[in-house]
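As structure tokens, the structure follows; a few thoughts come after it.
Remember, it's 1-based here, ligands and their atoms both numbered in the order they're listed. On a predicted model such as this, the values are computed, not experimentally measured, just so you know.
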Amino acid sequence: MDERRIGVFDSGLGGLTGLKRLMKLLPGEDVIYFGDTGRVPYGGRSAATIARYTRQDIHFLESFSVKAILVACNTASTVLPQLGGFDIPVLGVIEPAAEAALRATRNGRVGVIGTAATVRSGAYERALAGRAETLAVPCPLFVPLVENGHFRPGDVVIETVAREYLEPMRDFGCDTLILGCTHYPLLRGVIGEMLPGVELIDSGAAAAERMAALIRSRGLESGRTSGSVEYHLSDDPEGFERLASVFMESRVTAGAKKVDIEAY
Ligand code: DGL
């Protein structure tokens with residue numbers, strides 16, 4: 001038993017898609033969620049800047065003496081190997097998503113879509129190397145479009161952009177596609193229509209499953225039956241409830257506290 005909280009962070013609020021699955025799997029855990037809303041998006045930044053931000057995000061959560069950290073952001077997860085060892089388990093999304101894709105594929109062709117930084121890092125190709133043929137395509141417009149409400153099937157803006165981005169995936173012939181960005185699970189309907197029969201892997205959900213397994217296997221459960229989430233953001237929490245409700249796919253009424261992340 002371990003009463004400490006679990007830390008979860010993302011470059012913004014997209015990581016709530018992973019948090020949602022984590023809360024379902026571990027309903028008795030208390031969670032601290034940090035969204036770097038003051039510096040989002042990470043996906044167009046250099047690896048050095050992403051590494052600096054990610055280190056600060058981890059330090060902030062460590063200041064609460066959390067028992068484990070889930071890096072619910074794909075872009076931040078790509079720099080974890082260069083940040084070195086941690087005293088507590090720090091889990092990213094890349095490896096769990098790659099393993100889920102390998103379990104799902106039948107033809108050995110796995111597509112990856114993500115931010116420019118995630119694709120440029122080659123992290124997914126490395127995780128899949130020698131075990132699947134891989135094609136990674138950056139989809140930089142997906143994040144702002146989702147945040148501005150363009151994510152439902154029938155929305156002509158997102159469908160036009162998605163058709164263009166996903167064309168290489170059709171030619172590649174993958175039967176499994178890693179949604180390598182927090183925002184893409186909301187595009188399941190749109191992507192599913194364009195790539196019928198292709199298995200879509202939710203990276204945040206795969207990582208949440210890995211975290212739940214780790215908490216159980218190490219005997220780190222809280223022992224309680226219900227838990228809570230405390231939200232911290234690096235920008236003013238204005239608009240938090242609206243966007244958080246989009247990613248959680250249910251109404252979020254909790255408030256959020258503002259943190260000066262540059263101090264960590
Ligand atoms: N959370 C980021 C990811 O999963 C997407 C948003 C951003 O670019 O910061 O890669």
Side-chain angles (χ1 to χ4, degrees), residues 7-22 33-58 61 69-81 90-98 100-101 111-125 127 136-151 158 161-162 165 177-188 191 200-208 210-211 231-235 239-240 243-244 246-248 261:
V8 178
F9 78 89
D10 175 43
S11 56
L13 297 182
L16 295 176
T17 55
L19 174 70
K20 187 178 162 200
R21 179 66 66 98
L22 189 69
Y33 180 91
F34 172 64
D36 198 0
T37 50
R39 305 189 296 193
V40 70
Y42 286 10
R45 299 185 191 274
S46 68
T49 299
I50 296 163
R52 184 168 73 83
Y53 288 179
T54 301
R55 197 177 289 113
Q56 288 178 316
D57 302 342
I58 291 171
L61 289 173
I69 294 177
L70 176 64
V71 183
C73 175
N74 283 257
T75 306
S77 296
T78 66
V79 300
L80 285 180
V90 177
L91 268 187
V93 297
I94 309 287
E95 218 255 331
V112 180
I113 53 174
T115 65
T118 294
V119 170
R120 193 185 55 224
S121 75
Y124 275 112
E125 283 98 326
V137 174
C139 302
L141 289 177
F142 277 175
V143 165
L145 286 175
V146 167
E147 294 205 352
N148 284 286
H150 298 282
F151 56 85
I158 191 68
V161 173
Y165 282 153
L177 178 70
I178 297 177
L179 305 178
C181 174
T182 45
H183 291 51
Y184 302 175
L186 292 176
L187 294 172
R188 268 181 176 281
I191 296 170
L200 304 179
I201 305 295
D202 179 337
S203 52
R210 180 72 65 90
M211 176 60 86
Y231 296 97
H232 296 258
L233 308 174
S234 55
D235 200 0
F240 165 72
L243 202 52
V246 169
F247 289 115
M248 293 294 266
I261 194 64

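- Shown in contact with Val40 at under 4.0 Å from a heavy atom are these atoms of ligand 1, numbered in order with element: 9 (O).
- At a 4.0 Å cut-off, not a single heavy atom of Gly114 sits close enough to ligand 1 to count as contact.
- Per-residue contacts place Thr115 under 4.0 angstrom from the following atoms of ligand 1 (heavy atoms of the residue considered): 5 (C), 8 (O), 10 (O).
- Taking a cut-off of under 4.0 Å to the non-hydrogen atoms of Cys181, the atoms of ligand 1 that pass are 3 (C), 4 (O), 5 (C).
- A donor-acceptor contact shorter than 3.5 Å links the side chain of Ser77 to the backbone of Cys73.
- Here the closest heavy-atom approach between residue Val79 and residue Ala47 is recorded as CG1-O, 4.0 Å.
- Distance alone, capped at 3.5 Å, places no donor-acceptor pair between the Arg39 side chain and the Ile261 backbone.
- Under a 4.0 Å criterion applied to the non-hydrogen atoms of Gly43, ligand 1 contributes the atoms 7 (C), 8 (O), 9 (O).
- The shortest N/O to N/O separation between Asn74 and ligand 1 falls below 3.5 Å.
- In terms of modelled atom types and a separation under 3.5 Å, the side chain of Thr118 and the main chain of Gly114 share no donor-acceptor contact.
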With salt bridge (charged side-chain N to carboxylate O under 4.0 Å, His left out) as the test, would you mind laying out the steps for Lys20 and Asp202 before giving the verdict? CA-CA 12 Å; Lys20 187 178 162 200; Asp202 179 337; over 6 Å; no
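- Taking the six-membered ring where the residue is Trp, the centroids of His183 and Phe151 are separated by 6.0 Å or more.
- Counting heavy atoms only, Tyr42 comes closest to atom 7 (C) of ligand 1 of the residues Phe9, Tyr42, Tyr184, Tyr53.
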side-chain hydrogen bond (donor to acceptor under 3.5 Å, both in side chains) between Asp57 and Tyr42: does it pass, once the steps are laid out? CA-CA 12 Å; Asp57 302 342; Tyr42 286 10; 2.7 Å; yes
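- Of all protein heavy atoms, the one lying nearest to atom 6 (C) of ligand 1 is Ser11 OG, 3.6 Å.
- Judged by distance alone, with hydrogens and angles left aside, the side-chain atoms of Asp10 form a donor-acceptor pair with the main-chain N or O of Gly15 at under 3.5 Å.
- The heavy atom nearest to atom 4 (O) of ligand 1, considering only Thr37, Thr182, Val146, is found in Thr182.
- Of all atoms in ligand 1, numbered sequentially from 1 with element shown, those under 4.0 Å from a heavy atom of Asp10 are 1 (N).
- Scanning the protein heavy atoms around atom 10 (O) of ligand 1, the nearest turns out to be Thr75 OG1, 2.6 Å.
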